[in-house]
Structure formats: structure tokens, C-alpha cells
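Single-structure report; data block below.
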There are 2 protein chains.
Amino acid sequence: MASLSDISRHAGVSIATCSRVLNGSDHPVSEATRTRVMKAAEELGYAPSALARALVTRSSRIIGVIVADIVDPYFAEIARGVEEVGAGMGYMTMVCSAKAGTEAELSHLRQLRDYHAAGIVFAGSGRHNDPSAHELADAVAEAHHRGAVVVALAQRDFDAPRILFDNEAAAHDITAHVRDLGHERITFVDGPEGLHTSVLRRAGFTRAGGRDRIPGGFAYEDGVRAAETLLARDELPDAVVAANDEAAIGVLMRFREAGIDVPGEISITGIDDTRPARFVGLTTVTVPLHEMGRRAAHAVLGGPNGGDVVLPHQLAPRATTRARSARSDRRSTAPTPTAASPRSPG
Amino acid sequence: MASLSDISRHAGVSIATCSRVLNGSDHPVSEATRTRVMKAAEELGYAPSALARALVTRSSRIIGVIVADIVDPYFAEIARGVEEVGAGMGYMTMVCSAKAGTEAELSHLRQLRDYHAAGIVFAGSGRHNDPSAHELADAVAEAHHRGAVVVALAQRDFDAPRILFDNEAAAHDITAHVRDLGHERITFVDGPEGLHTSVLRRAGFTRAGGRDRIPGGFAYEDGVRAAETLLARDELPDAVVAANDEAAIGVLMRFREAGIDVPGEISITGIDDTRPARFVGLTTVTVPLHEMGRRAAHAVLGGPNGGDVVLPHQLAPRATTRARSARSDRRSTAPTPTAASPRSPG
DNA sequence: TTGTACGCGTTATCAA
DNA sequence: TTGATAACGCGTACAA
């Protein structure tokens with residue numbers, strides 16, 4: 001409640017001097033008055049107004065992170081990284097959900113600008129043929145111009161340093177891994193339509209020799225649907241590579257519900273290694289989400305430093321994949337009676 | 001970039017008038033000048049400074065939500081609820097992680113106050129014998145005094161309206177449900193030591209006739225450890241009721257890894273019904289996390305309205321529980337050879 | 001209906 | 001080493 005002028009009056013010192021001692025200014029102040037001011041501040045319970053400070057400094061200690069959905073562990077992990085290092089430096093983190101798309105991102109960006117946010121982190125991927133992409137790019141440029149540091153944690157269509165991992169390579173590597181396990185007929189469950197990240201992951205799958213693809217998404221239900229698509233076919237593939245963990249888990253659960261043995265009959269993998277992946281023992285690709293968040297925060301704290309950064313990813317083989325040789329091959333040997341039956345639930 | 005004075009100059013109108021038309025003031029303004037101002041604002045791309053506005057109004061359109069860990073789906077769900085209705089009303093949501101405890105909460109509270117946050121939502125539970133509880137209570141009182149609306153979404157030791165569900169009843173109901181399934185020997189995996197929520201849930205278990213309890217926590221690893229404690233005993237219980245979903249999943253996974261059939265040999269349940277619970281088909285209690293977040297936001301938007309609210313919870317029977325009669329009873333019939341063997345993995 | 005002027009709490013410049 | 005004082009951008013009595 002107490003303001004600088006209160007302190008000033010209480011200590012019998014000018015308001016300017018109070019400001020100097022109360023905020024690590026390099027301006028010299030005599031030890032005597034310094035203690036006087038400190039004491040007054042202590043007694044009156046002085047707390048600087050972040051608002052007033054930001055108004056004059058033209059920069060608040062606020063970091064905005066724009067995500068699609070904070071409930072999605074992918075984004076939560078990023079947000080936590082940002083918050084972690086931000087809080088350590090006295091910054092507050094604003095989390096903005098933009099599930100609605102670029103339009104919502106734009107409005108959040110503007111709002112963040114109105115608060116003179118020191119930095120803005122775009123956690124999600126951009127989309128193809130985005131009608132408001134240009135408008136967003138302009139707004140980003142303006143925010144940058146006004147001193148805000150903008151960082152992108154995925155493929156984006158505006159000018160900002162990127163801190164990311166190689167989506168294409170991640171998808172390639174997990175596909176190759178499955179292939180190395182001896183699986184030939186591999187189906188890829190696509191990510192959301194139009195997302196750059198989806199395109200990248202699909203490309204990785206293709207480069208690794210994958211051919212079969214079916215529509216999917218990043219949500220559990222998308223995975224369930226994809227599994228049903230597969231179940232409706234005459235024959236199941238050897239393995240399913242889903243565009244992300246949550247979809248993979250959807251596939252996994254639907255298959256198990258249908259009585260399919262995973263990984264006995266079919267292998268399933270995801271990408272991202274979010275917490276739920278560990279819970280279900282999903283083979284996936286560990287991706288530096290938390291570290292990306294941390295680095296993004298460091299980027300805004302340290303000012304716009306340098307160009308893009310590509311962080312490493314890593315295979316995380318777990319319990320939903322198995323080498324083909326290690327299981328009863330349904331094709332090279334005569335089909336057993338049990339080979340067809342499991343697909344009907346109950 | 002353009003400020004009110006810019007508009008004022010551009011439109012040849014006083015700065016006060018500009019303010020009046022640009023912020024739905026009820027002060028009368030002639031239609032002529034109104035359009036003049038609007039046009040100028042449009043041309044110069046006027047955006048009000050949230051900072052300056054907050055400074056003079058003594059209240060920013062910021063809602064702070066203090067959670068233990070945003071990666072925890074329990075809190076993410078709450079945060080999303082807050083953000084959802086907040087964003088709809090032009091408010092920004094600050095998410096603060098206070099994993100470190102009350103000390104961290106206190107520092108976040110202070111920071112939020114420095115930004116003149118309109119409201120502060122405490123998502124997590126308080127703890128017993130908390131050394132800084134009193135200090136926090138004082139800070140909360142001060143924040144309240146300064147016009148901020150403070151809401152608690154769990155048991156707390158300070159004065160603030162509460163929006164919550166009945167933890168005791170939730171634990172009681174799930175335990176009773178398991179009991180109704182015919183299970184007698186039920187073990188409760190405790191929540192984190194010292195948390196009010198832990199005490200409440202434990203009490204519910206006890207009231208439902210439960211007796212056996214083992215140490216646990218709210219994390220996956222805690223559940224894994226609890227499972228190992230159980231595996232080390234001579235005999236497994238009929239069912240395990242864990243203090244929350246994540247611990248339950250830890251128990252579940254460890255048991256399955258040990259070759260135990262869930263729910264064939266043992267039933268497992270959680271509390272909260274977070275997303276991962278659905279992923280693994282965990283029987284649990286659905287709890288109004290999202291709605292609590294939404295209501296909390298409404299509470300801060302509508303000012304301090306009324307007293308505590310207790311929202312309903314609901315049983316969510318799924319695939320990790322089974323009626324005792326429906327499975328081979330290991331005790332009333334002669335033990336079969338397969339009854340003992342599953343416990344050794346591999 | 002419009003304009004003037006003060007205050008919100010800081011930082012920063014310039015004198016003293 | 002210290003102190004006035006002008007911004008920062010806005011809301012709002014009060015006056016015109």
C-alpha cells in the first residue's frame with residue numbers, strides 16, 4: 001500500500017532518493033540516508049508498483065506464452081519451463097489458450113502488447129493457408145518493434161527466432177526404429193490437417209519408407225477413430241506410428257479394447273513423450289519440451305540473442321513395441337485359429 | 001503505439017473526450033465528434049495502455065491462479081476453466097507454480113498484488129502445521145482489502161470464499177463403491193503428508209469402513225512405490241483405493257508389470273478423473289475441476305459474491321474394477337496353481 | 001457537450 | 001550526494 005512518496009515523507013528524504021535506494025540503482029547514496037530509507041520502507045511495508053514501473057520503463061516483467069490448450073501436456077510442459085526460469089528472475093507468466101486458432105493468437109498477442117509484455121512465446125505450430133497469417137506477422141513485427149522479444153517454439157510464418165526440435169527427424173527416427181524391429185506394413189496416423197507440424201512429421205514417416213497413412217489428429221479420440229478405421233480393414237498393419245502420444249494412446253486403448261494384443265500382434269508408437277506416455281508404457285520419441293520453454297524464457301530475459309536453435313530428440317523404446325521375430329508371425333506360418341478371433345471384443 | 005493524446009491531436013478534440021468515446025463512458029458525446037474520434041483512433045491504430053489504465057483504476061484485468069504444478073492435469077484443468085471465462089471477458093490469466101509450497105505462494109501473491117490483479121485463485125490445498133500460514137493469511141487479507149477478489153479451490157487456512165467439491169465424500173463414495181463390488185480387504189494409498197486434501201480423502205476412506213492404509217503421494221512414482229510395498233506383503237488386498245488418479249495409475253502399472261491381472265485379481269481406483277484416467281480406463285471419481293475454474297473466474301469478475309460453494313462429484317466406474325463374485329475367488333476356493341505365480345514378473 | 005487539470009507511482013534528467 | 005520535476009498514458013472531478 002505504501003508508495004514511494006509515503007516513504008519519502010516518512011524518512012524525510014526526497015522521492016528520487018528513495019527510488020534510488022529501493023531499486024538497485026548505481027547512483028551513489030550515502031550510507032546514512034540509505035538506512036533511513038530502508039527502515040522507513042520496512043516500517044511502512046513498501047512494495048513497488050509493477051504497473052507504474054512498467055508504464056515508465058515501457059516494459060513489464062511479464063512473459064506471455066500462447067498455447068493451444070494448457071491441458072495438453074505438450075503445452076503444459078513448455079509453459080512450466082517458461083514459468084520456471086521466469087519466476088526465478090522475478091517475471092510472471094501469462095498463459096493464453098488459443099485453441100480457436102490464429103485469430104485467438106492475434107487477440108492474445110495484442111493484449112500482451114497492451115501490458116507491455118517483455119516477451120511473447122508462441123508454443124504452437126502455424127498452419128498452412130492461414131487467412132490471418134499476414135495480420136499476425138504484422139502484429140508480431142510491431143511487438144518486436146516495441147521492444148518485446150518474440151520466440152517461436154514451432155514452425156511459424158512470421159519473423160522470430162525459433163527454439164525447436166526436428167519434427168521431421170523425430171518422425172523419421174521412430175519409423176525407422178519400428179522398421180528395424182522388423183515391421184514392414186506400418187501405418188501413420190496423421191496429425192491435425194493444416195498444421196505445419198503435421199506436415200513435418202508426415203514427411204519424416206515418408207522419408208523412412210512409410211507409405212500407408214490415415215487421417216487422425218492430436219487428440220485421444222482421434223486415435224480411437226483411427227484405430228477403428230484400421231479395425232475395419234481386412235488386415236491389421238504390423239505397426240502404427242501416430243503423429244503424437246495422445247493419438248497413439250487412443251489407438252492403443254481401442255485396440256486393446258478390441259482384444260488385440262499390443263505389442264504381441266501389433267506395435268504402436270507416438271511422438272513427444274508426454275507424461276501419459278510413460279503411464280501407459282508407450283514407445284515414443286522424447287522431445288525437449290521443458291528445455292524449449294526454459295530457453296524461450298532465457299531468450300526473453302537476455303534479449304533477442306542469435307538465431308534458431310534445434311534441440312536434440314531421443315528414442316524412448318518402451319512396452320508398446322516388439323521385434324517381429326519375437327512374436328508369432330501371422331503371415332509366414334499358417335494362420336492359427338486364434339489369429340482372427342481377437343479382433344472381436346468381449 | 002498511438003496514445004490518447006495522439007488521437008486527441010489528430011482529431012482536434014480534447015484528450016478527455018477521446019477517453020470518453022474510446023471507453024464506453026456514459027458521459028454524453030455528440031455524434032459528430034464521436035465519429036471524428038473513432039476515425040482518428042482507427043487511422044492511428046489506437047490501443048489503450050492496460051498499464052496506465054490499471055494504474056489509475058487501481059485494478060488490472062489480470063487474474064492470477066496459483067497452482068502447485070501446471071503439468072499436473074488436475075491444475076491444468078482448473079487453469080483452463082479460469083482462462084476460458086477470463087479471456088471471454090478480456091482478462092488475462094497468470095499461472096503461477098508454487099511447487100515449493102506456501103512460501104512460494106506468498107511470493108506469487110505479493111507479485112500479483114504488485115500488478116493490481118483483479119483476482120487471485122488458489123487452486124491447491126493448504127497444509128497442516130504450516131509455518132508461513134499466518135503470513136499468507138495476512139497477505140490474503142491485505143490483497144482483499146486492496147480490492148482483489150481471492151478465491152480458494154480447496155481447504156485453506158485463510159479467509160476467502162471457497163469453490164470446491166467434497167473430498168471426504170468423494171473418497172467415501174469410491175470406497176463404498178468398491179465395497180459394494182464385494183471387496184473387503186481394501187488398501188488406501190495416502191496422499192501427500194500434511195495436505196488438508198489428503199486428510200479429507202483419508203477420512204472418507206475410513207468412514208466407508210476402510211482400515212488398511214499405506215504411505216503414498218499424488219505422483220505416479222508414489223503409486224509405483226505403494227504397489228511395491230503391497231507386493232512385498234504375503235497377500236494382496238482385494239482392492240486399492242489411491243488418493244488420486246496419478247498414484248492409482250502408478251499402482252496399476254506396477255501391478256501389471258508384476259504380472260498381476262487388474263481387475264481380475266485386484267481392483268484399483270483413483271480420484272479426480274483427470275485425462276490420463278480415461279486413457280488407462282481407470283475407475284475413479286469425476287470431480288468438477290473445470291467448473292471450479294470457471295466459477296472462480298466468474299467470482300472475480302462479478303466481485304466477491306456470497307459464501308462457499310460445494311459442487312457435486314460423480315462415480316466413474318471403468319475398467320480397473322470388477323465385482324468380486326465375477327472373478328475366481330482365491331480364498332474361498334482351493335488356491336489354483338496360477339493364483340500365486342503371476343506375482344513374479346517375466 | 002467539451003475541455004482543463006490533477007493524480008496514479010515510477011524512472012530519469014538536470015540542477016544544486 | 002541529494003532534490004525538483006518532467007514524462008509515462010489514462011480516468012475523472014470540475015469548470016466552461
Side-chain angles (χ1 to χ4, degrees), chain A residues 1-38 40-41 44-62 90 110-111 113-118 146-147, chain B residues 1-38 40-41 44-62 90 110-111 113-118 146-147:
Chain A
M1 194 61 214
S3 71
L4 268 191
S5 71
D6 294 329
I7 310 296
S8 144
R9 212 172 305 121
H10 194 80
V13 188
S14 91
I15 196 173
T17 305
C18 291
S19 173
R20 294 198 259 258
V21 6
L22 261 17
N23 316 299
S25 165
D26 47 352
H27 195 99
V29 174
S30 83
E31 208 50 46
T33 50
R34 156 161 274 119
T35 47
R36 281 258 296 291
V37 172
M38 298 285 263
L44 275 57
Y46 171 72
S49 163
L51 256 22
R53 181 177 292 179
L55 184 60
V56 57
T57 313
R58 306 172 111 47
S59 173
S60 66
R61 293 168 91 81
I62 290 177
R110 293 201 221 274
Q111 225 170 340
R113 175 204 57 188
D114 295 344
Y115 278 101
H116 278 284
R146 289 176 50 144
Chain B
M1 194 59 215
S3 71
L4 268 191
S5 72
D6 293 328
I7 310 298
S8 142
R9 210 172 307 120
H10 195 78
V13 187
S14 91
I15 196 174
T17 305
C18 291
S19 172
R20 292 197 260 258
V21 6
L22 262 17
N23 318 299
S25 168
D26 46 351
H27 197 99
V29 175
S30 82
E31 207 50 45
T33 51
R34 155 161 275 118
T35 48
R36 283 259 295 290
V37 172
M38 298 286 263
L44 274 59
Y46 170 72
S49 163
L51 255 22
R53 180 178 291 182
L55 186 59
V56 58
T57 18
R58 298 165 152 319
S59 173
S60 64
R61 293 167 91 81
I62 291 177
R110 292 201 221 274
Q111 226 169 338
R113 175 203 55 189
D114 295 345
Y115 278 102
H116 279 285
R146 288 178 47 146

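All values derive from a computational prediction rather than experimental measurement. Within every chain, numbering begins at 1; the chains are lettered A, B, ... in the order of the sequence lines, protein sequences first and strands thereafter.
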Could you run down the sub-3.5 Å N/O contacts of the protein with nucleotides 5-9 of chain C?
unit_1, atom_1, unit_2, atom_2, d
C/dG9, OP1, B/Arg58, NH2, 3.4

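A/Arg53 CZ to A/His116 NE2: the interatomic distance, rounded to the nearest 0.5 Å, is 15.5 Å.
Take B/Ser59 and apply the side-chain contact (heavy atoms from CB on, under 4.5 Å) test, not counting sequence neighbours, and it matches B/Ala118. Every side-chain contact (heavy atoms from CB on, under 4.5 Å) that B/Arg9 has, sequence neighbours left out, goes to B/Ser5, B/Asp6.
Atom CG in B/Asn23 sits about 15 Å away from atom P in D/dG9, given to the nearest Å. Nucleotide D/dT2 holds its C1' atom 15 Å from the CD atom of A/Glu31, rounded to whole Å. Atom CZ in A/Arg20 sits roughly 11 Å away from atom P in D/dT1 (whole-Å rounding).
Contact annotation: B/Ser19 side-chain N/O to D/dG11 OP1/OP2 distance is under 4.0 Å. Between B/Thr17 and C/dG3, a side-chain N or O to OP1/OP2 separation shorter than 4.0 Å is present. Contact annotation: A/Ser30 reaches the phosphate of D/dT2 (side-chain N/O to OP1 or OP2, under 4.0 Å).
Minimum heavy-atom separation, B/Val29 to B/Thr33: CG1-OG1, 3.3 Å. Contact between B/Leu4 and B/Cys18 at its shortest, heavy atoms only, is CD2-CB, 3.8 Å.
With hydrogens and angles ignored, no donor-acceptor pair closer than 3.5 Å exists between the side chain of B/His27 and the base of C/dT1.
The residue B/Thr33 sits close only to the backbone: its heavy atoms come under 4.0 Å of sugar-phosphate atoms, none of a base.
A/Tyr115 has its side chain within reach of B/Ser60: a pair of non-hydrogen atoms, C-beta onward, lies under 4.5 Å apart.
Of the candidate nucleotides D/dG11, C/dT2, C/dT1, C/dT1 has the atom lying nearest to any side-chain atom of B/Pro28.
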